[in-house]
Peer 1: 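Sharing a structure here in structure tokens format.
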Amino acid sequence: MSPFPRWRILLLSLLLTCGSASAADRSVPAAHAPAAAVQAQRPGHAAIASANFRATNAGLEVIAAGGNAFDAAVAVASTLSVVEPESSGMGGGFMAVLRRASDGREVFIDAREVAPAAVNTKDYLNSDGTPNRDAALNGPLSAGIPGEPAGLAWLAEHYGRLPLKQSLAPAIRTARDGFEPDSRLRGAIAERADDLRRWPASAAKYFVDGKPPAAGKLWRDPDQARTIELLAEQGRDGFYKGEVARKLVAAVRAAGGNWSEADLAAYQVKERAPISVDYRGYRIVTAPPPSSGGVAVAEILNILRGVETEKLDRAHRIHYVIEAMRRAFRDHNDYLGDPDFVKMPLDMLLSPYYADGLRQSILPDKATPSSMLPSSAARDPGPHTTHFSIIDKDGNMIAVTSTVNYTLGSTFVAAGTGVLLNDEMDDFALVPNKPNVYGLLGSTANAPKPGKRMLSSMTPSLVIGADRTAVIGSPGGSTIITQVLEGILAFIDGKDASDIVAQKRYHHQFMPDRVDVEPGVFDAATTGELERMGYTLHPREPWGFMNVVTWDHRDNKLDAASDPRRPSGLGKVQ
Ligand code: GLY
């Protein structure tokens, strides 16, 4: 039997090639004809917004030394691996959307982790067949083969101006000389203390005299300094072969994991065509599978395109956005996975005709219970995953979202490497239709297989208009997609970078059937009206942390803003 319901096959058979969101050959990245204003101009300055001021300053240092936005991205990401290990790092992976000014090339860089060859779904089940959440989230079985080091080497080699060694220098220096950990890192270590103590190399790295590092004291990471130095000297082989690879595999196997040196040597960065969707005079360039983010954002915008939002009051505008989110997340659960392994009906999902059908299923004045939608649970987003945005003086731009998955990843540090491994295996549907840590459900499309990439919500995006451009993204587990969507809508509505990152947010992900709201996002009248329409509003904290760079082509002005929910972040123009 076909995996797709009959009505969707009928829609699919109606599709023409004139979709306003393009899924054209996803495997071949295309140079995109640049918008005239973007092509003609150079900002003359650079702007970076990241979740940590040391990382932003590392990127600006590399730009001052003659590097471009892509060299800066290497400096920012590697420094975050040292100063913000709770969110991303060498033991994790990233996804990026970039635009090269010289030829308008737009490409998605997929440095996502992959499952090791010996992956076995039984390892994630208890003896009674129930999901083993500990194996999925903690220790070496929860870790995919990292993509971050290969992705950074790829960026430097294919898009950068400087040698990798120069772009990695600030991270090596910071790890070797030490830095004062911020309250968020100290809080993350305290939160995950019990799990960190299970692994001797993790305890040795993250505790000082048995306690999380104290405020105002220098904290050094010499093992990670050495690992990044080998990457700097030897390129990707410095991590995926030789001393580091041997130590990673030995540590993983000694603690019950199943990596091999062949898994590391085989890791490949993938370049893919981004998803491009037009909305209200802007072109949004965003993440394709194995992220679900771009498909969901495109689906939501295609639904909203046909709604005369200007004629609606706030509550009814929000109603349509929530209903569009609900339908996009339903499709996330049903269809999406690694494009190298599963066939996905992307032409259908990105088609305006499909969006027309979904829009017509929205009642003008009433919430649709998720249980009423044909189809095949959430935890608050903590301090995990990170996003940064960069535009350089030539107009090169890059949006990078990077992660080790949950706070401090698997909590497992591979002895002798300083590398904290991710727990990205939980982003697979390890047990079909059982929620992962973000309450996301999944089907066989996202089942683990050797060498397969687990589905992500990461949604690094460019929003390109004739007058204004934004580089945008956010961490936040499943809420990444809706936070980025709300940021894109705010930018298109004319808001500036500071207002976009500060605005309060809301989220719906099909299941659980409720609207997660940041306290204060809706006034009393809107709240009352939404409840009358049948929505359950569920207060949620924390949100963020979004980092946005904007470029106004009319006065050639750059702006950079870091989420105020994260005091150690920095958006800076230089
Ligand atoms: N690990 C979170 C994500 O990739 O969506």
Side-chain angles (χ1 to χ4, degrees), residues 51 77 80-81 84-97 108-115 133 136-138 142-148 151 188 192 270 272 286-297 328-329 332-333 336-339 377-388 399-411 420-430 435-442 445-446 448 452-461 473-485 507 509-510 542-546:
L80 288 172
S81 180
E84 197 201 28
E86 69 273 27
S87 300
S88 73
M90 292 294 161
F94 72 83
M95 292 178 164
V97 173
F108 176 70
I109 308 290
D110 172 353
R112 182 70 162 162
E113 301 90 329
V114 301
R133 301 297 299 140
L137 282 170
N138 300 308
S142 69
I145 303 300
E148 181 107 359
R192 299 282 262 143
K270 301 272 171 138
R272 305 183 193 275
T286 184
S291 169
S292 57
V295 174
V297 165
F329 271 94
H332 161 290
N333 298 346
L336 300 181
D338 181 345
R379 199 156 149 185
D380 288 342
H384 46 73
T385 310
T386 196
H387 174 86
F388 59 91
V400 181
T401 313
S402 180
T403 189
V404 286
N405 197 26
Y406 199 61
T407 306
L408 285 167
S410 65
T411 66
L420 175 70
L421 301 187
N422 66 83
D423 57 352
E424 222 73 66
M425 294 299 285
D426 189 55
D427 275 352
F428 278 121
L430 291 170
N436 76 356
V437 73
Y438 308 112
L440 287 171
L441 306 173
N446 189 30
K452 187 176 174 184
R453 284 154 149 85
M454 56 296 284
L455 195 62
S456 173
S457 300
M458 293 191 284
T459 317
S461 301
S474 178
S478 54
T479 70
I480 291 174
I481 298 169
T482 48
Q483 295 192 74
V484 172
L485 171 86
H507 170 79
Q509 63 179 44
F510 182 67
W543 295 79
F545 304 94
M546 186 173 279

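In this chain, residues are counted from 1 in sequence order. Numbering of ligands and ligand atoms starts at 1, following listing order. Basis for what follows: all heavy atoms, side chains included, without hydrogens, waters or symmetry-related copies. Computed from a predicted model, the values in this text were never measured in an experiment.
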Peer 1: With rounding to the nearest 0.5 angstrom, report the OG to CG distance, Ser87 to Leu408.
Peer 2: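 If we round to the nearest 0.5 Å, Ser87:OG and Leu408:CG are 8.5 Å apart.
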Peer 1: Could you identify the single nearest non-hydrogen protein atom to atom 4 (O) of ligand 1 and state the distance to 0.1 Å?
Peer 2: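 Looking at atom 4 (O) of ligand 1, the protein heavy atom closest to it is Ser456 OG, 2.7 Å.
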Peer 1: For Asn405, is at least one N or O under 3.5 Å away from an N or O on ligand 1?
Peer 2: yes
Peer 1: Go through the side-chain N and O atoms of His387 and Ser474 and say whether any donor and acceptor fall under 3.5 Å apart.
Peer 2: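 No, because no side-chain N or O of His387 sits under 3.5 Å from a partner of the opposite role on Ser474.
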Peer 1: In terms of side-chain geometry, is the basic nitrogen of Asp427 or Arg112 positioned less than 4.0 Å from the acidic oxygen of its partner?
Peer 2: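 Salt bridge between Asp427 and Arg112, a charged N being under 4.0 Å from a carboxylate O: yes.
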Peer 1: For ligand 1, is Arg112 a contact, meaning one of its heavy atoms is under 4.0 Å away?
Peer 2: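 It does, in that a heavy atom of Arg112 comes within the 4.0 Å cut-off of ligand 1.
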Peer 1: State plainly whether the residues Arg192 and Glu86 are in salt-bridge range, i.e. N to O under 4.0 Å.
Peer 2: no
Peer 1: Hydrogens and angles aside, do Ser402 and Glu148 bring a side-chain donor and acceptor to less than 3.5 Å of each other?
Peer 2: yes
Peer 1: Identify, for atom 2 (C) of ligand 1, the protein heavy atom at the shortest distance, and state residue, atom and that distance.
Peer 2: Asp427 OD2, 3.2 Å
Peer 1: Quick one: look up the protein heavy atom nearest atom 5 (O) of ligand 1 and list residue, atom name and how far away it is.
Peer 2: Ser457 N, 2.7 Å
